Amino acid sequence: MSPAKLSPFSSRLLNWWDRHGRKDLPWQHPRTPYRVWVSEIMLQQTQVTTVIPYFERWMKRFPYIRLLAAASQDEVLSLWSGLGYYARARNLHKAAVLCVEQFDGALPGSAEDLVNLPGIGLSTANAIVSQSTDRPAAVLDGNVRRVLARHAAVEGWTGKAAVQKTLWQEAEARLPAKRGADYTQAVMDLGSLLCRRTNPDCERCPVNADCQARQQGRQLDLPSPKPATKVSDRVLSMMILQDEQERILLHRRPPAGIWGGLWCLPEGESLAEIEQQLGVECIAVRQLPPIEHRLSHVRMSIQPVLANARDSGQVKCSGNLEWFGAVEQRELGLPRPVSHLLKRLHNGEFK
């Protein structure tokens with residue numbers, strides 16, 4: 001069939017989605033602005049299968065914006081622990097507070113107002129609008145960028161401003177006149193289920209007849225890869241320091257930077273450095289098997305150290321340095337390696 005005789009991109013995509021699309025995702029039932037917002041933030045740089053249990057726990061604890069706004073940052077981060085990119089959780093919390101203060105506890109109804117909230121860009125704002133009101137609006141998440149870059153053979157890394165401008169134009173040009181909610185989910189599903197980064201299933205793609213990348217045999221070349229990010233290596237010690245009551249000493253990291261706002265084990269380049277930072281003498285010191293942890297730009301080699309404080313009163317506790325028992329630890333936001341170490345400790349693996 002010649003391109004001139006093809007039905008519109010959106011019609012073909014919606015016909016495919018009606019038969020094969022995902023319609024049982026938890027944020028689709030009901031598809032309220034708040035539920036869509038939380039899901040869109042969680043799904044940034046994270047797969048659907050990973051997000052679903054986090055989303056369900058979140059909604060059980062914070063079914064409404066007012067409950068989220070009233071929560072402490074520790075509680076918010078504890079529910080987010082393990083999902084990564086913790087600024088997303090902090091921004092959800094900040095935005096909820098603003099919604100209570102400025103919009104009577106609801107999300108604003110327009111994309112123009114939504115983008116003024118922390119952590120909400122234009123694509124997320126449009127996704128909220130389209131999925132909660134059924135009004136068509138262009139979205140440009142990672143999956144959609146890949147679909148459009150291939151279908152229109154758009155050159156360049158999709159994170160560049162000039163490339164994004166072109167992709168926005170392509171996204172707007174493909175919008176349907178109605179069924180905005182279904183179309184938004186459909187174009188994201190297409191990228192996730194068929195137009196994958198590797199091993200794209202072009203034969204089953206509903207818009208393959210006029211996909212320029214396929215016609216040119218360049219499906220694996222587009223979109224252009226992101227320029228390599230310099231990854232640094234970091235070697236550090238983490239101390240699991242116990243007091244007489246078997247509580248663990250934790251410190252809250254600054255709001256910005258790696259693990260911002262989370263509670264961590266005291267760390268440093270050596271045991272002596274950690275002891276000096278804390279002003280405490282450690283006894284019964286034992287090195288545990290090292291662990292590796294990878295962030296987007298840092299490879300960490302962590303040497304855990306288990307120790308007891310000779311006199312826990314030497315530690316000058318403050319709002320950001322405290323002793324916590326096992327039950328209290330479950331209510332804190334902890335980075336994955338810290339959570340992993342404490343779980344093993346409480347399971348008796350370090351006896």
Side-chain angles (χ1 to χ4, degrees), residues 71-87 89-90 93 231-295 297-351:
S72 68
Q73 179 175 282
D74 280 337
E75 188 172 12
V76 171
L77 290 174
S78 72
L79 282 177
W80 200 273
S81 289
L83 201 53
Y85 301 98
Y86 292 94
R90 295 195 298 272
H93 191 216
V231 178
S232 60
D233 292 299
R234 186 180 177 199
V235 179
L236 70 154
S237 295
M238 277 189 178
M239 180 181 287
I240 306 174
L241 185 63
Q242 297 178 301
D243 69 359
E244 300 85 349
Q245 303 172 49
E246 296 189 342
R247 297 179 302 176
I248 303 298
L249 187 66
L250 297 171
H251 76 95
R252 192 204 301 267
R253 295 183 66 90
I258 295 174
W259 299 328
L262 301 185
W263 288 90
C264 294
L265 295 166
E267 64 184 59
E269 294 186 1
S270 65
L271 171 63
E273 180 183 325
I274 299 173
E275 286 183 307
Q276 184 176 13
Q277 290 173 359
L278 300 176
V280 65
E281 181 183 357
C282 297
I283 58 175
V285 178
R286 181 156 56 97
Q287 285 196 348
L288 303 176
I291 59 175
E292 303 294 324
H293 185 69
R294 174 69 186 265
L295 300 173
H297 58 292
V298 180
R299 280 187 298 262
M300 291 184 176
S301 179
I302 300 172
Q303 174 59 67
V305 178
L306 183 61
N308 292 97
R310 182 180 295 278
D311 178 4
S312 61
Q314 293 177 316
V315 178
K316 307 302 181 187
C317 290
S318 63
N320 293 321
L321 184 67
E322 298 285 351
W323 296 98
F324 293 99
V327 174
E328 296 171 307
Q329 293 163 27
R330 292 198 290 268
E331 304 300 320
L332 302 175
L334 303 171
R336 186 183 295 274
V338 173
S339 176
H340 172 72
L341 287 169
L342 294 181
K343 181 178 180 180
R344 294 183 64 191
L345 174 70
H346 299 313
N347 287 342
E349 295 183 37
F350 299 146
K351 295 288 186 186

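For clarity, every value in this text was computed on a predicted model and none was experimentally measured. When a residue number appears, it is its place in the shown sequence, counting from 1. The basis for the numbers below is simple: all heavy atoms, side chains too, and nothing from hydrogens, waters or symmetry mates.
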>> Between Val231 and Val298, does the side-chain contact (heavy atoms from CB on, under 4.5 Å) criterion hold? Intermediate values first, please.
In response: CA-CA 5 Å; Val231 178; Val298 180; 5.8 Å; no

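- Put simply, SG on Cys264 and CG on Leu249 are 12.0 Å apart, with the number rounded to the nearest 0.5 Å.
- Within the structure, salt bridge (charged side-chain N to carboxylate O under 4.0 Å, His left out) contacts touching residues 284-293 (residues at least two apart or in different chains) do not occur.
- Contacts classified as ring pair (Phe, Tyr, Trp, His ring centres under 6.0 Å) and involving residues 298-329 (residues at least two apart or in different chains) are given here: Trp263-Phe324.
- Panel note: side chain His93, backbone Leu77; no donor-acceptor pair is recorded below 3.5 Å.
- Residues Leu321 and Leu250 form no side-chain contact, since every pair of their non-hydrogen atoms from C-beta on lies 4.5 Å or further apart.
- Taking CG from Leu241 and OG from Ser312, the interatomic distance works out to 9.0 Å, rounded to the nearest 0.5 Å.
- Note that CD1 of Ile240 is 11.0 Å distant from CG of Asn308, once rounded to the nearest 0.5 Å.
- In terms of the side chain to side chain contact (heavy atoms under 4.5 Å, CB included) criterion, residue partners of Glu273 (sequence neighbours excluded) are, by chain and number, Glu269, Ser270, Gln277.
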> Run the side-chain contact (heavy atoms from CB on, under 4.5 Å) check on Ile258 and Leu295 step by step: do they pass?
Replying inline: CA-CA 9 Å; Ile258 295 174; Leu295 300 173; 3.6 Å; yes

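- The list of salt bridge (charged side-chain N to carboxylate O under 4.0 Å, His left out) pairs with a residue in residues 324-349, not counting sequence neighbours, reads Arg344-Glu349.
- Between Cys282 and Ala307, the shortest heavy-atom contact is CB-CB, 4.1 Å.
- One distance of note links CZ of Arg294 with CE of Met300; it measures 11.5 Å at 0.5 Å rounding.
- Sorted by first and then second residue, the salt bridge (charged side-chain N to carboxylate O under 4.0 Å, His left out) pairs with a member in residues 299-319 read Asp233-Arg299, Glu281-Arg310; sequence neighbours excluded.
- For residues 240-268, every residue pair satisfying the salt bridge (charged side-chain N to carboxylate O under 4.0 Å, His left out) rule, not counting sequence neighbours, is listed here: Asp74-Arg252, Arg234-Glu267, Asp243-Arg247, Arg253-Glu267.
- Among residues two or more places apart in sequence or in another chain, the side-chain hydrogen bond (donor to acceptor under 3.5 Å, both in side chains) test is passed with Gln242 by none.
- Listed by chain and number, the residues in a ring-ring contact (aromatic ring centres under 6.0 Å, His included) with Tyr85 amount to none (sequence neighbours excluded).
- Of the possible polar contacts, one joining the Arg90 side chain to the Gly260 backbone as a donor-acceptor pair under 3.5 Å is found.
- The side-chain hydrogen bond (donor to acceptor under 3.5 Å, both in side chains) test applied to His346 returns Gln329, not counting sequence neighbours.
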>> Applying side-chain contact (heavy atoms from CB on, under 4.5 Å) to Leu262 and Leu334, what does each step give before you reach the verdict?
In response: CA-CA 5 Å; Leu262 301 185; Leu334 303 171; over 6 Å; no

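- Closest non-hydrogen pair, Leu341 versus Phe350, comes out as O-CE1, 3.6 Å.
- Scored by the side chain to side chain contact (heavy atoms under 4.5 Å, CB included) test, Pro337 finds Trp259, Ile291, His293, Ile302, Pro335 as partners (sequence neighbours excluded).
- Scanning for side chain to side chain contact (heavy atoms under 4.5 Å, CB included) contacts around Ser237 gives Ile274, Gln303, with sequence neighbours left out.
- To the nearest 0.5 Å, the span separating CE on Met238 from CG on Leu306 amounts to 14.5 Å.
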